[in-house]
Student: 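Sharing a structure here in structure tokens format.
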Amino acid sequence: MPKAHPFYSPRTHGFVRVAAATPVVHTADPVANADEHIRLIDQAAAEGVDLIVFPELSLSGYALDDLHMQAALLDEVERQALRVAEATKAPGVVVVAGAPLRHGDRLLNCGVVLANGDVVGAVPKSYLPNYREYYEKRWFSSGDDIGAETIRIGGRDSWIGTRVLFEADDRPGFVFGVEICEDFWAPQPPSTRQALAGARLLLNLSASNVVIGKADERALLCASQSTRAMAAYVFTASGWGESTTDLAWDGQAMVHELGQCLASGERFSMEGHLTVTDVDLDRIGLERLRTGTFADCARAEADEEGFIRLGFRARQAVPVDLRRPLDRFPFVPDDPARLDQDCFEAFNIQVQGLMRRLKATNGKTVVIGVSGGLDSTQALLVCCRAFDRLGLPRTGIRAYTMPGFATSDGTKANAWALMTALGVTAEELDIRPTAELMLKEIGHPAADGQAVHDVTYENVQAGLRTDYLFRLANLHGGFVVGTGDLSELALGWATYGVGDHMSHYGVNSGVPKTLIRHLIRWVADKGLIGEAATPTLRAILDTEISPELVPAKDGKMQSTEETVGPYALNDFFLFHISRYGFTPSKVAFLAWQAWKDRSVGHWPAGTPDDEKVEYDLATIKSWLRKFLVRFFQTSQFKRSALPNGPKVVTGGSLSPRGDWRAPSDASARVWLDELDANVPDG
């Protein structure tokens, strides 16, 4: 595999590899602390790290009390800061270390940025705790009044201030800000203004002694700040080696991105170590771009003082595997507890949506087509639960199985078994005679016995089914419940107008295909619609996805996924393109990372072994190309005329009244060109 191609490097796709360092602390020994820093910097370089963050006062130690005021110690700290800076020259790793620094007649608790063999700048701590066990104001001055000015460190001039950001000259979006420990606990942390000024990475150098429950509080603050500031937040606290005269230290380290914990380190370790992960700065930038509130707030909170940006050179792209959590199924969590919660919410969103429509129309009857496939099964389960919760008899659910030219005995049997077990009003309506008549009247060759199974042949059947359902709804005073799902809407895999594209209310329109499988399994496991249907639900889950519109050939039934691609990949593409607006090359890179090795990573609970497959880059690129054409060019006109239906997954609505608005006559060219220009053929 030509791994030298820039495609294979996470850096090409907007990722920055960060390390939260937890060094062994040598109390009041800057030389030994610098040795530990250099050892971890070398380790970070070997692991492809771009940025390494050390704890508060890491070059001196935090719990020194009045030793902070000793000139000999402060002189040595400055010398060792320059020594550590020199150690950044060869590997190209950016280092942020903690140091007590003199500035005029003040002593400041600082985060010092070291890169390319030099001191880039320093940021002083703004909020000094002086309560309970803390006495920092005894030794340090707050730096909150220092915007950006020069400081002399070890005989070299540099910058210091709270209005300073650090930006890679050669990596767009690689901009970070620094705050220190207590700053994090303030009602308005300095990192908030840093983010509004453009920092996508927020770093916290902390000492933070540990007491029971404090680790959870830190994690909560990290998650919330990364969410509110739309940023990544790197936190690292002092660990083994700090003085335990009155306090203890756990060395907690973690990295959050937009609320998600990407990595957390070992606590209470007696050895220095790194917590490494890849942060997606491109994702952060795009999230800020599409969320107008962020820009509005940045404008409203802007002041005349502003921020300066200090530049550095970052490491360039090298091929390496991605180091961060990456879901193969972004709509289906790997964690069983989270999956259970998501299924609970998704099912109840669907049910509540239908209940409200029934109440609004004073409806007592719904009409639904039941094929024995996944989508109609899920929609029928939603109908049953909605009727149960409203106290309506299930006989008001008029379910029809409508066999056509290619309906198999298995799916028809499953449809009947399901309708019977659920106690709905079940009927069979054979569409073949009417379909044959229509084919004859329009002069289609199939009417003369020719095996012409084209789109007209298929859509005659699909259209008749929906036409019958609408007229049956008129006849029985009800409305049609649609069964088509979010994945089919993305692909345009629906017959437009009087076809499965249309209904009075589409309960599945916000649910991707990959989640529907788990929803059916979840409903069965919970027994929410009764136990009688459970065996049939299991059988439906084991049935291959097929529209059953074309007769089987050589004993093999028509396969949806052979035509439009695996739904696992299509849902992956849909999520990353519609939710984040990623380029096709980045989507291909992420898909390749997620799917290239079935043995690496977790699968959602209940995933059958035969679904645990691998996809190589050539396969991913081929199906992505087809997805791009379908999504951007050929199917938007169908989404522009969607019936009502509830949004279920984050960023997943394709309704023209919801998350996705696009012209029906656009071209996919720009996306196809980007894919071809930047993704090798494998």
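None of the values given here were measured: they were computed from a predicted structure. This chain uses plain numbering: 1 for the first residue, then up along the sequence.
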Student: How about F329 and H518: are their ring centroids closer than 6.0 Å?
Tutor: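 That pair fails the under 6.0 Å test.
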Student: Could you measure the distance from the OG1 atom of T583 to the CD atom of E674? Nearest 0.5 Å is fine.
Tutor: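 One gets 4.0 Å once the value is rounded to the nearest 0.5 Å.
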Student: Tell me whether the NZ or CZ atom of K586 lies within the 45° cone about the ring axis of F589 and under 6.0 Å from its centre.
Tutor: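 Verdict for F589: no cation-pi partner in K586.
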Student: Without swapping roles, check the side chain of T466 against the backbone of D500 for a donor-acceptor pair under 3.5 Å.
Tutor: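 Between the backbone of D500 and the side chain of T466 there is a qualifying donor-acceptor contact (under 3.5 Å).
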Student: Just to verify, what does R579 make a side chain to side chain donor-acceptor pair (under 3.5 Å) with, not counting sequence neighbours?
Tutor: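 Residues passing side chain to side chain donor-acceptor pair (under 3.5 Å) with R579: E287.
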Student: At what distance, to the nearest 0.5 angstrom, does CD of E548 lie from CE of M557?
Tutor: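 Here the rounded value is 4.0 Å.
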Student: Can you tell me which residue among L422, L358, I529, I397 is in a side-chain contact (heavy atoms from CB on, under 4.5 Å) with C383?
Tutor: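 The residue from L422, L358, I529, I397 that satisfies side-chain contact (heavy atoms from CB on, under 4.5 Å) with C383 turns out to be I397.
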Student: Is it the case that the side chain of Q633 and the backbone of A668 share a donor-acceptor pair, with hydrogens and angles ignored and the cut-off at 3.5 Å?
Tutor: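 Yes; at least one donor-acceptor contact below 3.5 Å.
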Student: Parallel, tilted or perpendicular, judged at 30° and 60°: which one describes the rings of Y580 and F575?
Tutor: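 Judged by the thresholds at 30° and 60°, the geometry between Y580 and F575 is perpendicular.
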Student: Go through it in stages, so that I can follow the logic: the residues are K440 and D448, the test is salt bridge (charged side-chain N to carboxylate O under 4.0 Å, His left out), and I'd like the CA-CA distance, side-chain angles, deciding distance and then a yes or no.
Tutor: CA-CA 8 Å; K440 180 180 180 180; D448 296 327; over 6 Å; no
Student: Please determine whether a side-chain nitrogen of the Lys or Arg among D542 and R538 lies less than 4.0 Å from a carboxylate oxygen of the Asp or Glu.
Tutor: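 Result for this pair is no, no salt bridge flagged.
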Student: Is it the case that the side chains of S622 and T619 hold a donor-acceptor pair, with the cut-off being a distance below 3.5 Å and no angle test?
Tutor: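 Judged by distance alone, the side chains do not pair up.
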Student: Nearest 0.5 Å please: distance from the CD1 atom of I545 over to the OG1 atom of T563.
Tutor: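 Reported to 0.5 Å precision, the distance equals 12.0 Å.
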Student: Determine the interplanar angle of the W592 and F7 rings, folded into 0 to 90°, and report it as parallel if under 30°, tilted if 30 to 60°, perpendicular if over 60°.
Tutor: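 W592 and F7: tilted rings.
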Student: Would D388 and R394 pass as an ion pair if we require N to O under 4.0 Å?
Tutor: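 The answer is yes: the pair qualifies as a salt bridge.
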Student: Does D681 come within less than 4.0 Å of K621, counting only side-chain N to carboxylate O?
Tutor: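 Salt bridge between D681 and K621, a charged N being under 4.0 Å from a carboxylate O: yes.
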Student: Are the aromatic ring centres of F405 and Y457 under 6.0 angstrom apart?
Tutor: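 Aromatic pair counts; centres sit under 6.0 Å.
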Student: Would you call the rings of F344 and W522 parallel, tilted or perpendicular, where under 30° means parallel and over 60° means perpendicular?
Tutor: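 Taking W522 first and then F344, their aromatic rings stand perpendicular (interplane angle over 60°).
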Student: Is it the case that the side chain of S635 and the backbone of R630 share a donor-acceptor pair, with hydrogens and angles ignored and the cut-off at 3.5 Å?
Tutor: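 Side chain of S635 to backbone of R630: a pair is present.
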Student: Could you tell me whether D375 and K513 have a side-chain N and a carboxylate O separated by less than 4.0 Å?
Tutor: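 Judged by the 4.0 Å cut-off on N to carboxylate O distance, D375 and K513 do form a salt bridge.
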Student: With a 4.0 Å cut-off on N to O distance, would you call K596 and D616 a salt bridge?
Tutor: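 No, K596 and D616 are not salt-bridged.
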Student: Please check: side-chain N/O of T12 versus main-chain N/O of Y8, any donor-acceptor pairing under 3.5 Å?
Tutor: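 No.
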Student: Can you tell me how far apart CD1 (I368) and OG1 (T401) are? Round to the nearest 0.5 Å.
Tutor: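 The CD1 atom of I368 sits 11.5 Å away from the OG1 atom of T401.
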Student: Between D609 and R598, is the closest basic N to carboxylate O distance under 4.0 Å?
Tutor: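 No salt bridge links R598 with D609.
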Student: List in chain and number order the residues that pass side chain to side chain contact (heavy atoms under 4.5 Å, CB included) with L541, two or more places apart in sequence or in another chain; answer none if no residue qualifies.
Tutor: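 Result, side chain to side chain contact (heavy atoms under 4.5 Å, CB included) vs L541: L374, R517, I520, R521.
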Student: Is the Lys NZ or Arg CZ of K638 less than 6.0 Å from the centre of Y496's six-membered ring, within 45° of the axis?
Tutor: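 Judged by the rule, K638 and Y496 form no cation-pi pair.
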Student: Please check: side-chain N/O of S376 versus main-chain N/O of V370, any donor-acceptor pairing under 3.5 Å?
Tutor: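 It does not hold such a pair.
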Student: Output, in order, the C-alpha distance, side-chain angles, deciding distance and verdict of salt bridge (charged side-chain N to carboxylate O under 4.0 Å, His left out) for D340 and K526.
Tutor: CA-CA 10 Å; D340 180 75; K526 298 292 183 181; 3.1 Å; yes
Student: Taking T483's backbone N and O only, do any of them form a donor-acceptor pair with N508's side chain (distance below 3.5 Å, no angle check)?
Tutor: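 Between the backbone of T483 and the side chain of N508 there is a qualifying donor-acceptor contact (under 3.5 Å).
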Student: What is the distance from atom OH of Y567 to atom OG1 of T514, rounded to the nearest 0.5 Å?
Tutor: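 With rounding to 0.5 Å, OH (Y567) is 10.5 Å from OG1 (T514).
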Student: Is a side-chain N or O of T407 found less than 3.5 angstrom from the main chain of G404, in a donor-acceptor match?
Tutor: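 Yes; at least one donor-acceptor contact below 3.5 Å.
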Student: Are the aromatic ring centres of W603 and W595 under 6.0 angstrom apart?
Tutor: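 Ring centres of W595 and W603 closer than 6.0 Å.
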Student: Just do the ring-ring contact (aromatic ring centres under 6.0 Å, His included) check on W660 and F631 with the steps written out, would you?
Tutor: CA-CA 11 Å; W660 187 257; F631 186 72; 5.0 Å; yes
Student: Is the backbone N or O of V507 less than 3.5 Å from a side-chain atom of Q350, with the two atoms forming a donor-acceptor pair by type?
Tutor: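 Yes; judged by distance alone, with no hydrogens or angles, the pair exists.
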Student: For residues Q341 and R338, is any side-chain donor paired with an opposing acceptor at under 3.5 Å?
Tutor: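 The answer is no; no qualifying pair exists.
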